[in-house]
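Below, chain A is the first sequence line, B the second, and so on; all start at residue 1. Just so it is clear, the values below take in all heavy atoms, side chains as well, and ignore hydrogens, waters and symmetry mates. As the structure is a prediction and not an experimental result, all values here were calculated from the model.
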Amino acid sequence: MQHNLAITPSPHVRSGATTRRIMQDVCIALAPAGIASVILFGGHAAVIIAVCVLTCVLTEYVYQRLMNQRVTAGDWSAVVTGLLLAYNIPANAPIWIPIVGSVFAILIVKQLFGGIGSNFMNPALTARAVLFVSWSSIMTAYPNTVFMTGGVDTVSSATPLAALGKVFTGAEGASLADVGLADLFLGNCAGVLGETCKLALILGGIYLFIRKVIDWRIPVCMIGTVAVMYLLTSGFNAELTLKELLSGGLMLGAIFMATDYATSPQTNLGRIIFGVGCGLLLFVIRAYASYPEGCSFAILFMNVCSPLIDRWTAPTPFGEVKQHG
Amino acid sequence: MFGKHLFPGGIHPAEGTNGKAVNQRNAITELPAPKRVVIPLSQHIGAPAKAIVKKGDRVLMGQMIGEAGGFVSAPVHASVSGIVADIVPVTMFNGSEITAIVIENDFRDEWAPLDAPADPESLSPAETLQRIRQAGIVGMGGATFPTAVKLTIAPDKHFEKLVINGAECEPYLTADHRLMLEQADAIIDAVSLILRIFSVPEAIIGVEENKPDAIDALRRAASGNPAIRVQALPVRYPQGGEKQLIHALTGRTVPAGKLPIETGCVVMNAGTAFAVHEALREGKPLIRRVTTVGGLVAKPNNWLVRIGTPVRELLRASGGTQKGTRTLISGGPMMGTAFTEIDIPVTKGCSGILALGREAIDPEESPCIRCGRCMRACPMNLQPVRMDHAIRARRFDEADKLGVMNCIECGACTFVCPATRMLTQSFRAGKRIVTIRRNQQKAREEAEKAALAAKAAAEQSKTDGKEA
């Protein structure tokens, strides 16, 4: 009866939550957008997704084996990075683009800074930014969807965001009618492969929320801030605002990238500040900078601020300072 | 519905096999007294009791066999009548060795003369404290702080509210639940007596809402006394933490590093209140308690057990541990102590004996993913990740500054951690080291002060010498 009894310190029970389960949940949440991308952009989207995921997992495995570290490549976090990176690449990019991006994301951004939980910038976003500035002609050649005139083989002359930008700045001949609301929502518009179908992304976000993987603060504050800024600066043009919200990488970024645990604040107030900051920066870049899209850089900038935000918003221990009354 | 005051954080730990759901229906059953009882001289916080019997003495049930070893201490009593067989060191749940008095039971259950007060209502506070002290009553929720010491209020403090802890927020444990249900009148009687004797205006009994029958029973029993309120509390661990309970029931916050009396509250466990009732009404000392046996046992139950009964007897009466048992716990699964030696006696603070399976074995740690779940779970509003990083990097001053000393070791952070990190374990070690360092610092400062004083005195005598 007394054999094999273990002595361990309390607590003696656990919730059963694991890192792997959380990462699998994120993958499940990302699945609808992946399926949508294959429908919208065809088989090449699937190839890019597969290459990203495989390269990310393999890079993590090989690095950890070579460095004699415990191999955590099975925790699904590299799969998440691979999916996110793939979703940030145009569907018609040459195959070496996802390979270079994946190696950079995992090797440089994640592993060299200490592996899971220790990287201070989102690996997929950083890799996207590096690809973007290094091979900008490839990374901004957004193909049309199979449902658009010309199909995937043609490169879109103007993304919805560029068109909306013209409306916003009051450029001559620009019209809101150039961009269809339903097309934006369902993803029938030019863009990187995983960002276009907002319906799929929002479904994924709801799943993550229900599974308590993410809380509402970052996505709601980020999207809300963008909405408020566009409403205020466009003279309460609801149509323009709604179209801005459904354009570019905002949904993908707000739901899946800004909520990355390692690179966002942990406190509730910190998450609100972070979300608002991401939204403000995104608006400023989209509205006033030379890039039409600002999501990646906005989140990356706030990533760097999050340790500071955590420090500013550190909670006061229960019973400290505050006296009873 | 539950009042406005929620403490920060908190979790909902799941119940395993033979958890509360099974055991809350099992009425308290008296466990037959064993052939011999082993009564440790220290079953409380403070100085151990001193044995006042010797080998070969005949003792009666309820007779004091160890007297309090100081102010913060408690006496111990024989839980059976019989012969003192031995006075030997025994191993306790936490692995320490404590001297214990072994009594060979003569199965006559012959009570020592009980000194019941003629009229408990008219006892003075001092007399009451004396009786509670002589009865060996200590906090029976597990903390085992001597109750008489707790009720001794410093002259500059005010005892405004008596808070009765009936939360029983630990999974599996149902001993308090059954006691509140079956002995509601006795518990309310003790509360009324304390209010009257110590001139306390109000008592609040906090019970988690998953015990509606106990809440009803207590409300019925308390219906004649408007000063007593029974409050249902949300089911949230650690609702029964002293500071969390006071906050939930009164809205008052115990200042960090201070005791509940700072808020005018004294917190007493429901089981302790029952012991107070027995001491003041019948003059009976604390020689029995209710202990839940649950988890991987054939017949989980709530046993009324004599103090000093070996755990072996409890497990045997509960049908023995089942296949798959990997660890035995004294107390609840969140804060209890694992042990292997089943001849350890049941002590005053032993609220449960649990047999847990593989789930109780710590999984391998993985890197922190900074998800912040630990911070959200912490009922003390601490930052477990940062404290853990500081302690593991041996930056103890930083851990101290982050408030590690406020940690109540409830285990909520470790429970929720998806990276299965040993957070509570790290804080327990950190708190010890911070305490040692604080003491060393104090000693250093005192030594410096003494050295300065000595130097000044020497110089003074030198000048005195010159003058002379």
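- Interface residue B/E364: only side-chain heavy atoms are found under 4.5 Å from chain A.
- Contacts between B/P171 and chain A at a heavy-atom distance below 4.5 Å are absent for every atom of the residue.
- Between chain A and the options B/G9, B/C371, B/C417, heavy-atom pairs under 4.5 Å are most frequent for B/C371.
- In terms of heavy-atom pairs under 4.5 angstrom with chain B, the leader among A/S15, A/P315, A/G117 is A/S15.
- Side chains of A/F318 and B/N406 form no contact here, defined as non-hydrogen atoms less than 4.5 Å apart.
- Of the listed residues (B/T337, B/V385, B/D362), the one with the most heavy-atom contacts under 4.5 Å to chain A is B/D362.
- For the pair A/A6 and B/A338, the tightest heavy-atom approach, listed with the atom from each and the gap, is O-CB, 4.1 Å.
- Side-chain contact between B/P363 and A/R14 is present, with heavy atoms from C-beta onward closer than 4.5 Å.
- Counting heavy-atom pairs closer than 4.5 Å to chain A, the top residue among B/E409, B/M422, B/M375 is B/M375.
- Per-residue heavy-atom pair counts under 4.5 Å with chain A were compared for B/I11, B/I329, B/I246, and the maximum is reached by B/I329.
- Nearest heavy atom pair, residue B/G336 against residue A/S10, reads O-CB, 3.3 Å.
- In this structure, chain B has no heavy atom under 4.5 Å from any part of A/R20.
- Nearest heavy-atom pair, A/P11 versus B/G411, reported as atom, atom and distance to 0.1 Å: CG-O, 3.6 Å.
- Neither the backbone nor the side chain of B/R358 comes within less than 4.5 Å of any heavy atom of chain A.
- For B/M334 against A/V13, the heavy-atom pair with the smallest separation is SD-CG2, 3.6 Å.
- Considering only heavy-atom pairs separated by less than 4.5 Å from chain A, the leading option among B/G331, B/A412, B/G372 is B/G372.
- Side-chain contact between B/M380 and A/E320: absent, with no pair of heavy atoms (C-beta onward) separated by less than 4.5 Å.
- Within 6.0 Å of OH on A/Y61 lie no more than 12 heavy atoms contributed by other residues, nucleotides or ligands.
- Within the 4.5 angstrom heavy-atom criterion, only side-chain atoms of A/I22, from C-beta onward, approach chain B.
- Remark: B/R392 CZ is packed, more than 12 non-hydrogen atoms of other residues, nucleotides or ligands lying under 6.0 Å away.
- Contact of B/P13 with chain A is not made at all, since no heavy-atom distance falls under 4.5 Å.
- The shortest distance between side-chain heavy atoms of A/H12 and B/F415 does not fall below 4.5 Å.
- Side-chain contact check for A/P9 versus B/R428: some heavy-atom pair is nearer than 4.5 Å.
- Proximity to chain B (any heavy atom under 4.5 Å) is restricted, for A/R70, to the side chain, taken from C-beta onward.
- The residue among A/D310, A/N268, A/T263 with the most heavy atom pairs within less than 4.5 Å of chain B is A/N268.
- For A/Y207, the OH atom is densely surrounded, since the number of other residues' heavy atoms within 6.0 Å is greater than 12.
- For a residue to count as touching a neighbouring chain, one of its non-hydrogen atoms must lie under 4.5 Å from one of that chain's; by this rule B/T424 touches chain A with the side chain only.
- Residues B/R370 and A/Q266 are in side-chain contact: their nearest non-hydrogen atoms beyond the backbone lie under 4.5 Å apart.
- In this structure, A/I116 CD1 and B/S366 OG are separated by 7.5 Å, a value rounded to the nearest 0.5 Å.
- The shortest side-chain heavy-atom distance between A/L5 and B/R326 does not fall under the 4.5 Å cut-off.
- For the pair B/N381/A/T316, no side-chain contact is recorded, criterion being any heavy-atom separation below 4.5 Å from C-beta on.
- Of the listed residues (B/H12, B/K258, B/M335), the greatest number of heavy-atom pairs within a distance under 4.5 Å of chain A belongs to B/M335.
- The nearest pair of heavy atoms linking A/I7 to B/F339 is CD1-CA, 3.4 Å.
- When atom types are taken as modelled, the side chain of B/T253 and the backbone of A/G319 share no donor-acceptor pair closer than 3.5 angstrom.
- Proximity to chain B (any heavy atom under 4.5 Å) is shown, for A/T267, by both the backbone and the side chain.
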